[in-house]
Amino acid sequence: MSADRIAVAGATGRLGRHIVDVLTERGHEVVPMSRATGVDVITREGLAEALTGVRTIIDAASWHASDGDAATEFFRTATRNLHDAGREAGVARIAVASIIGNDRAATGFGAAQQVHEAANLAGPLPARILRAAQFHEFVGQLLDWRQGDVAHVPTWPSQLVAARTVAEELVDLATDEDAPGQPAPGTPIPEIAGPRREIVAEAAALLGARRGITVVGVDSSDLPGSEVAAAGGLLPNPHARLAGPTFAEWLATQL
Ligand SMILES: NC(=O)c1ccc[n+]([C@@H]2O[C@H](COP(=O)([O-])OP(=O)(O)OC[C@H]3O[C@@H](n4cnc5c(N)ncnc54)[C@H](OP(=O)(O)O)[C@@H]3O)[C@@H](O)[C@H]2O)c1
């Protein structure tokens, strides 16, 4: 595998920062792209300049909230801009982070990821997609969304995974010169998940105990997609690659 110039959209995010680390450790030249680095994938500000000489784009940019319509618009526009600017710059391919179970969602963020995937597969750049389970790092955000000292967290099952583990898998996929440019029809989209099924509210309670926050598990039936999630809709398919650390092992490594 040779070293390449690789642009990372969402380079400052939960996943993106690990992608930057993994690429740097492997000797690639990284172009970090986020509004904080002067590149906006929605307005295209700074995008053409950032993609100069880039061979591969890794897309880990995301909408900041769970509202399905706004997230759909974000992913549709960002994907069109990354593909169009990428083609103009002579980029060879794009690798994209998505979410396990989005194909089971009828509404909300999961449905937005269906649009994200479809827009990528429509091209013009050859796209490789990796679906990931909820990140260990996402559990902290659920605590941050609380009001007062009590966090109400869904009791959904998820095979929580470390963002670093997802970053390694996505970089492998993005830089594999032997992989086909586009998945063959009928081939399942690759998935990466943690080593075991966890209950999101139980993981949040472990983190909450450290932060002095009480966590109450709720069925969250008012949230879009909650019925599907409660029934196991966030869990990986049998072809998923499973990799540690578990949530508790990961938490033990956090300061
Ligand atoms: N979080 C999870 O548990 C999880 C699980 C599975 C899959 N995923 C998927 O993984 C991807 C990354 O998620 P994440 O949780 O790492 O996201 P995140 O922490 O919210 O980070 C989002 C990134 O996107 C950038 N961004 C937002 N708007 C932008 C714009 N207009 N132009 C350029 N950059 C922009 C942000 O930087 P600036 O604010 O500086 O622009 C930030 O770097 C998403 O597709 C998500 O659906 C997430």
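Here the structure is a predicted model, which is why all the values come from computation and not from measurement. Start at 1 and go down the list; that is how both ligands and their atoms are numbered. Numbers here simply count residues along the sequence, with the first being 1.
Residue contact annotation: Q134 has a non-hydrogen atom under 4.0 Å from ligand 1. Heavy-atom distances between W63 and ligand 1 stay at or above 4.0 Å for every pair. Not a single heavy atom of A9 lies less than 4.0 angstrom from ligand 1.
At a heavy-atom distance under 4.0 Å, no atom of V166 approaches ligand 1.
Looking only at heavy atoms of the protein, atom 20 (O) of ligand 1 is closest to R14 NH2, 3.7 Å. In terms of protein heavy-atom proximity, atom 1 (N) of ligand 1 is nearest to F135 CD1, 3.4 Å. Counting protein heavy atoms only, atom 33 (C) of ligand 1 is closest to V39 O, 3.3 Å. Among protein heavy atoms, atom 34 (N) of ligand 1 sits closest to S34 CA, 3.5 Å. L15 N, 2.8 Å is the protein heavy atom nearest to atom 16 (O) of ligand 1. The protein heavy-atom contact nearest to atom 23 (C) of ligand 1 is G10 CA, 3.6 Å. The protein heavy-atom contact nearest to atom 37 (O) of ligand 1 is T12 OG1, 3.1 Å. Closest to atom 10 (O) of ligand 1, if we only count protein heavy atoms, is A97 CB, 3.7 Å.
In D149, the CG atom is not crowded: 12 or fewer heavy atoms of neighbouring residues, nucleotides or ligands sit closer than 6.0 Å. The neighbour count for Q147 CD, taken as heavy atoms of other residues, nucleotides or ligands under 6.0 Å away, does not exceed 12. The local environment of CD in E45 is sparse, with at most 12 non-hydrogen atoms from other residues, nucleotides or ligands closer than 6.0 Å.
The pair R241-E191 does not count as a salt bridge, with every side-chain nitrogen at least 4.0 angstrom from each carboxylate oxygen. A salt bridge between R197 and E202 is absent, with no side-chain N of the basic residue lying under 4.0 Å from a carboxylate O of the acidic one. With salt bridges taken as basic N to acidic carboxylate O contacts below 4.0 Å, none links R128 and D176. Classification of R55 and E177 as a salt-bridged pair holds, one side-chain N sitting under 4.0 Å from a carboxylate O. R93 has no carboxylate O lying under 4.0 Å from a charged side-chain N of D4, or vice versa, which leaves the two without a salt bridge.
The aromatic rings of W63 and F74 lie tilted to each other, with the angle between the two planes from 30° to 60°. Between F138 and W145, the ring planes are perpendicular. Angles over 60° get that label, and only those under 30° would be called parallel.
Comparing heavy-atom distances from atom 21 (O) of ligand 1 across G13, A163, G101 singles out G13 as nearest. Comparing heavy-atom distances from atom 39 (O) of ligand 1 across Q113, H18, R35 singles out R35 as nearest. Ranked by closest heavy atom to atom 27 (C) of ligand 1, the top entry among S98, A36, G46, S62 is S62. Looking at G38, G16, A133 and measuring to atom 5 (C) of ligand 1, the nearest heavy atom belongs to A133.
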Verdict with supporting geometry, I42 and E73, side-chain contact (heavy atoms from CB on, under 4.5 Å): CA-CA 10 Å; I42 299 300; E73 197 45 43; over 6 Å; no
Criterion side-chain contact (heavy atoms from CB on, under 4.5 Å) on L160 and V139, from CA distance to verdict: CA-CA 9 Å; L160 296 167; V139 174; 4.2 Å; yes
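For ligand 1, the atoms lying closer than 4.0 Å to a non-hydrogen atom of A132 are 6 (C). Every atom of ligand 1 is numbered from 1 in the order shown, and the set under 4.0 Å from a heavy atom of F138 is 1 (N), 3 (O). Atoms of ligand 1 lying under 4.0 Å from any heavy atom of A61, numbered from 1 in the order shown and given with element: 24 (O), 44 (C), 45 (O). Here is the list of ligand 1 atoms found below 4.0 Å of a heavy atom in I42: 31 (N).
Partner of S98 under the side-chain hydrogen bond (donor to acceptor under 3.5 Å, both in side chains) criterion, chosen from R131, E117, Q114: E117.
Of the possible donor and acceptor atoms, one in the side chain of D40 sits under 3.5 Å from a partner among the backbone N and O of T43.
The shortest N or O to N or O distance between V41 and ligand 1 is under 3.5 Å. Between F109 and ligand 1, a contact under 3.5 Å exists for no N or O pair. Taking only nitrogen or oxygen atoms, main chain and side chain alike, D40 reaches within less than 3.5 Å of ligand 1.
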